[in-house]
There are 2 protein chains.
Amino acid sequence: MSSFLPTEQRLAVTRRRHPAFPRGPAVLVRLIKHLHKRIHDDANTALKAFGLNHPQYNLLMMLYGTADHALHPSQLAEAAGEKAANITRLTDELCEKGLIERAASADDRRKLVLTLTPAGLDLIEQLLPSICDLLEEQTQGMSAREQAELERLLKKFLDGFDRRG
Amino acid sequence: MSSFLPTEQRLAVTRRRHPAFPRGPAVLVRLIKHLHKRIHDDANTALKAFGLNHPQYNLLMMLYGTADHALHPSQLAEAAGEKAANITRLTDELCEKGLIERAASADDRRKLVLTLTPAGLDLIEQLLPSICDLLEEQTQGMSAREQAELERLLKKFLDGFDRRG
DNA sequence: GGGTTTTACTTCATAAATGTAATATAGCTG
DNA sequence: CAGCTATATTACATTTATGAAGTAAAACCC
């Protein structure tokens with residue numbers, strides 16, 4: 001409540017001046033913004049010890065979460081919500097560190113296959129305990145039931161965007 | 001559900017490989033990330049017609065939501081979640097456009113006072129209808145009751161970060 | 001099968017956004 | 001007054017986004 005109170009006060013003033021301003025949706029949007037910032041900052045701090053930034057970590061986790069630890073760059077872009085040009089740059093960096101490998105695809109030679117190397121797998125296993133702790137800490141204020149309900153509602157929120165296109 | 005399904009599948013694989021990985025919290029974090037991206041992109045698209053980007057709009061709305069349409073740069077930084085250096089640059093841009101004004105503070109000569117100009121106020125009144133529509137559209141999939149519950153849970157989520165410091 | 005169109009990825013150039021560190025000035029404290 | 005803190009700016013470095021153009025392979029189509 002504390003860090004968000006000023007935001008609510010400003011929204012109240014805004015509504016007084018422009019009554020059509022929808023308070024509820026605006027609060028939701030600003031809460032998402034605040035949460036995103038905090039999550040992002042925390043993650044970057046935790047990852048610094050492992051020589052990674054948040055986007056790089058995300059890419060590694062997308063590969064880790066795939067059946068054979070392998071994805072095409074375009075799939076990875078879709079999975080991580082990054083543009084194709086960014087994927088090239090980010091995967092370049094991960095290749096230089098020896099965490100992933102690029103190889104030509106067997107079935108379609110336009111494509112590449114990005115795969116976690118043993119070193120990449122090692123690094124993930126090393127950093128996962130820290131990340132697990134962080135995630136637990138960040139959510140420890142909520143009961144399991146509340147987390148489940150929050151998940152349900154956030155998905156519904158996101159659905160609205162999918163429908164809009 | 002649709003755009004988020006692959007993410008859930010990847011989390012399932014991740015959990016199989018690292019059972020300690022907390023699924024619930026991880027889903028929440030990724031949902032926040034997806035939502036933030038969609039919100040940010042939508043807002044930027046809507047604001048382009050008014051010659052503003054999302055950060056600039058945010059600053060204007062922080063001033064609009066303040067009793068006398070005036071804030072010190074440090075207050076604005078806190079309100080908008082931006083670094084001080086960013087505020088200088090962003091307010092430079094807004095000054096050049098004639099939307100806000102800088103003036104020396106009477107009580108503390110280290111400080112400046114940033115104030116909405118009549119032109120800034122006009123622009124806000126012009127763009128608010130579009131923004132209101134956007135906010136309504138983005139949340140129309142949820143009932144008022146669900147929005148209220150989502151707001152409550154997001155605040156609780158954010159509280160966890162405030163406690164961590 | 002030869003020509004065209006799509007698709008996948010990279011490259012490059014450029015711009016926009018953001019972060020970091022040092023600086024100048026003003027206020028505060030003992 | 002001396003030393004410390006707070007405010008805002010500046011210059012610099014880094015990161016990220018955007019878009020155009022290039023390369024190569026696959027798919028399509030008559």
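The chains referred to below are lettered A, B, ... by the order of the sequence lines, with proteins before strands, and numbering in each begins at 1. Computed from a prediction, not measured in an experiment: that's the story for all the values here.
Which of C:dG27, D:dA8, D:dA17 sits closest to the side chain of B:Leu112 comes down to D:dA8. The side chain of A:Arg109 approaches D:dA25 more closely than any other nucleotide in the set D:dT16, D:dA25, C:dA8. Of all nucleotides listed (D:dA17, C:dT20, D:dA8), C:dT20 comes nearest to the side chain of B:Ala85. Here the nucleotide nearest the side chain of A:Asp108, chosen from D:dA25, C:dT10, D:dT9, is D:dA25. Considering only side-chain atoms of A:Arg110, the nucleotide from D:dA17, C:dT25, C:dT7 that sits closest is C:dT7.
Across the protein-nucleic acid pair, A:Asn53 atom CG and D:dT15 atom P stand 7 Å apart, rounded to whole Å. One atom, CG of B:Asn86, and another, C1' of D:dA13, lie 14 Å apart when rounded to the nearest Å. Atom P of nucleotide D:dA17 and atom NZ of B:Lys37 are separated by 7 Å, given to the nearest angstrom. Counting to the nearest Å, the P atom of C:dA8 and the CG atom of A:Leu71 are 14 Å from each other. Distance, A:His72 NE2 to D:dA26 C1': 14 Å, rounded to whole Å. Rounded to an integer number of Å, the gap from NZ of A:Lys48 to P of D:dT15 is 11 Å. Between B:Leu114 atom CG and D:dT7 atom P the separation is 14 Å, expressed in whole Å. Protein atom CG of B:Leu90 is 11 Å distant from nucleotide atom P of C:dG19, rounded to whole Å.
Residues A:His69 and B:Arg17 have side chains that bring a donor and an acceptor to within less than 3.5 angstrom of each other.
Comparing B:Arg89 and A:Lys83 along DNA chain D, the residue whose closest nucleotide (by nearest heavy atom) sits nearer the 5' end is B:Arg89.
Sorted by first and then second residue, the side-chain hydrogen bond (donor to acceptor under 3.5 Å, both in side chains) pairs involving residues 89-99 of chain B (not counting sequence neighbours) are B:Gln56-B:Glu93, B:Asn86-B:Arg89, B:Thr91-B:Arg102, B:Asp92-B:Arg102.
Inter-residue side-chain proximity for A:Leu47 and A:Ile131 is flagged as met; some heavy-atom pair is nearer than 4.5 Å.
Salt bridge A:Lys37/B:Glu82: absent, no basic N to carboxylate O contact under 4.0 Å. Checked for salt-bridge contact, B:Glu151 and B:Lys155 meet the test: a charged N lies under 4.0 Å from a carboxylate O.
Contact annotation for B:Thr88: base contact, defined as any heavy-atom pair under 4.0 Å involving a base atom. Residue contacts for A:Glu82: at a heavy-atom cut-off of 4.0 Å it reaches the sugar-phosphate backbone alone, with no base atom in range.
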